[in-house]
> 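Below: one structure in structure tokens.
We're numbering straight along the sequence, starting at 1.
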Amino acid sequence: MRKFFAMLLAAVLCLSLAACGGNGGEPEVTVDAAALFGALQNDVTYPDTATTLDSSMAGVLLGGELPEGTEAYLAANDSAYLRCAVFVCQDAEAAKTAAAVVQRYIDDSIDAKYNPDEVALLQKAKVHTNGRYVAVAVTDDADGVDKVIAKYFG
């Protein structure tokens with residue numbers, strides 16, 4: 001009988017510890033979005049000047065609705081083509097939606113074939129997500145983008 005109660009107590013203890021497991025083992029990621037955006041602007045080479053835009057321009061530039069509460073850091077060239085951006089979303093699911101909006105912008109711009117040089121850049125665009133963050137860069141400088149992403153997204 002004692003063995004039975006000892007086993008039962010051990011099982012209850014294991015279940016109670018498992019219940020305190022949190023978010024499934026995925027740690028909450030915290031990124032300094034403004035610093036990441038600054039690094040994408042300053043540490044990556046672009047073929048033209050990238051001008052910082054007001055975050056309210058994100059939906060207009062991308063032609064799609066970003067999830068509610070998304071904070072945006074944007075830069076575009078003089079022709080209003082996206083050069084780099086960082087989005088801070090409410091959660092990882094919203095970040096997936098924001099990444100899909102960005103990818104749709106890239107795909108639609110490639111399909112429009114306005115400017116062959118711009119299409120070539122858009123085909124090399126890198127969209128990265130990490131937790132509730134999305135970072136994108138439209139450039140030939142893949143090494144520069146990879147270094148910045150590794151630094152901020154690990």
Side-chain angles (χ1 to χ4, degrees), residues 15-154:
L15 289 173
S16 67
L17 289 174
C20 297
N23 62 1
E26 296 236 356
E28 182 67 29
V29 176
T30 302
V31 174
D32 182 343
L36 170 56
F37 178 66
L40 284 174
Q41 278 193 294
N42 300 318
D43 300 345
V44 175
T45 304
Y46 298 93
D48 47 22
T49 304
T51 304
T52 302
L53 301 175
D54 183 81
S55 64
S56 65
M57 295 298 296
V60 174
L61 178 67
L62 298 176
E65 279 294 313
L66 291 170
E68 187 173 329
T70 299
E71 184 181 348
Y73 300 84
L74 305 161
N77 70 0
D78 293 338
S79 300
Y81 280 104
L82 180 68
R83 284 294 166 254
C84 63
V86 174
F87 302 95
V88 183
C89 302
Q90 297 291 337
D91 54 34
E93 196 60 37
K96 288 179 186 175
T97 301
V101 169
V102 171
Q103 191 61 55
R104 191 169 37 252
Y105 160 81
I106 291 168
D107 294 342
D108 289 350
S109 296
I110 290 170
D111 289 345
K113 295 180 179 66
Y114 290 121
N115 175 334
D117 294 334
E118 197 64 42
V119 168
L121 282 177
L122 287 161
Q123 289 171 333
K124 297 174 187 174
K126 293 195 171 225
V127 180
H128 301 271
T129 59
N130 189 357
R132 63 190 195 109
Y133 302 91
V134 178
V136 59
V138 180
T139 179
D140 284 331
D141 186 8
D143 290 339
V145 174
D146 290 343
K147 286 177 185 173
V148 170
I149 294 302
K151 179 179 177 183
Y152 287 90
F153 281 4

> Taking atom CD of Glu65 as the centre, report whether more than 12 heavy atoms of other residues, nucleotides or ligands fall under 6.0 Å from it.
no
> Please find the pair of heavy atoms, one from Ala72 and one from Ala58, that lie closest to each other, and give the distance.
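For Ala72 versus Ala58, the nearest heavy atoms are CB-CB, 3.9 Å.
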> For Ala85 versus Leu40, what's the shortest heavy-atom pair and its separation?
O-CD1, 4.0 Å
> Could you tell me the separation between the CG atom of Asp117 and the OG atom of Ser79, rounded to the nearest 0.5 Å?
11.0 Å
> Measuring from atom CG of Leu66 to atom CD of Glu71, what distance do you get when rounded to the nearest 0.5 angstrom?
12.0 Å
> Using 4.0 Å as the upper bound for N to carboxylate O, is an ion pair formed by Asp43 and Lys151?
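Result for this pair is no, no salt bridge flagged.
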> Would you sort out whether Val148 and Leu36 count as a side-chain contact (heavy atoms from CB on, under 4.5 Å), showing the intermediate values?
CA-CA 7 Å; Val148 170; Leu36 170 56; 3.6 Å; yes
> Are any non-hydrogen side-chain atoms of Asp146 and Lys126 less than 4.5 angstrom apart?
yes
> So among Leu122, Val145, Val44, Val127, which one has a side chain to side chain contact (heavy atoms under 4.5 Å, CB included) with Val138?
Leu122
> May I have all residue pairs that pass ring-ring contact (aromatic ring centres under 6.0 Å, His included) and include part of residues 122-154, sequence neighbours excluded?
none
> Got a second to check how far Leu62's CG is from Leu74's CG, nearest 0.5 Å?
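It comes to 6.5 Å.
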> Assess the residue pair Phe87 and Phe37 against the criterion (side-chain contact (heavy atoms from CB on, under 4.5 Å)); give the C-alpha distance rounded to whole Å, side-chain angles, the decisive distance to 0.1 Å, and a yes or no.
CA-CA 9 Å; Phe87 302 95; Phe37 178 66; over 6 Å; no
> Report the C-alpha distance between Arg83 and Glu118 in whole Å, list the side-chain angles of each, state the deciding distance to 0.1 Å, and finish with yes or no for salt bridge (Lys or Arg N to Asp or Glu O under 4.0 Å).
CA-CA 10 Å; Arg83 284 294 166 254; Glu118 197 64 42; 2.9 Å; yes
> Does any part of the side chain of Val31, heavy atoms only, come nearer than 4.5 Å to the side chain of Val88, both counted from C-beta?
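Val88 does not reach Val31 side chain to side chain.
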> Report the C-alpha separation of Thr52 and Gln41 in whole Å, then their side-chain angles, then the decisive distance to 0.1 Å, and conclude whether the side chain to side chain donor-acceptor pair (under 3.5 Å) test is met.
CA-CA 9 Å; Thr52 302; Gln41 278 193 294; 3.1 Å; yes
> Which pair of non-hydrogen atoms, one from Leu61 and one from Ala76, has the smallest distance, and what is that distance?
CD2-CB, 4.5 Å
> Provide the closest heavy-atom pair for Ala95 versus Val134 in the form atom of the first, atom of the second, distance.
O-CG2, 3.3 Å
> Should Pro47 and Leu121 count as side-chain neighbours, where that means a heavy-atom distance under 4.5 Å?
yes
> Do Asp78 and Asp48 come within less than 4.5 Å of each other through their side chains, counting heavy atoms only?
no
> I'd like to check Tyr46 versus Asp141 (side-chain heavy atoms, cut-off strictly below 4.5 Å). Are they in contact?
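When only atoms from C-beta onward are counted, Asp141 and Tyr46 do not touch, as no gap falls below 4.5 Å.
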> As a test of understanding, state which of Asp107, Asp108, Ile106 forms a side chain to side chain contact (heavy atoms under 4.5 Å, CB included) with Arg104.
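The residue from Asp107, Asp108, Ile106 that satisfies side chain to side chain contact (heavy atoms under 4.5 Å, CB included) with Arg104 turns out to be Asp108.
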> Mind checking the OG1-CG spacing from Thr45 to Asp140? Nearest 0.5 Å is all I need.
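Here the rounded value is 9.5 Å.
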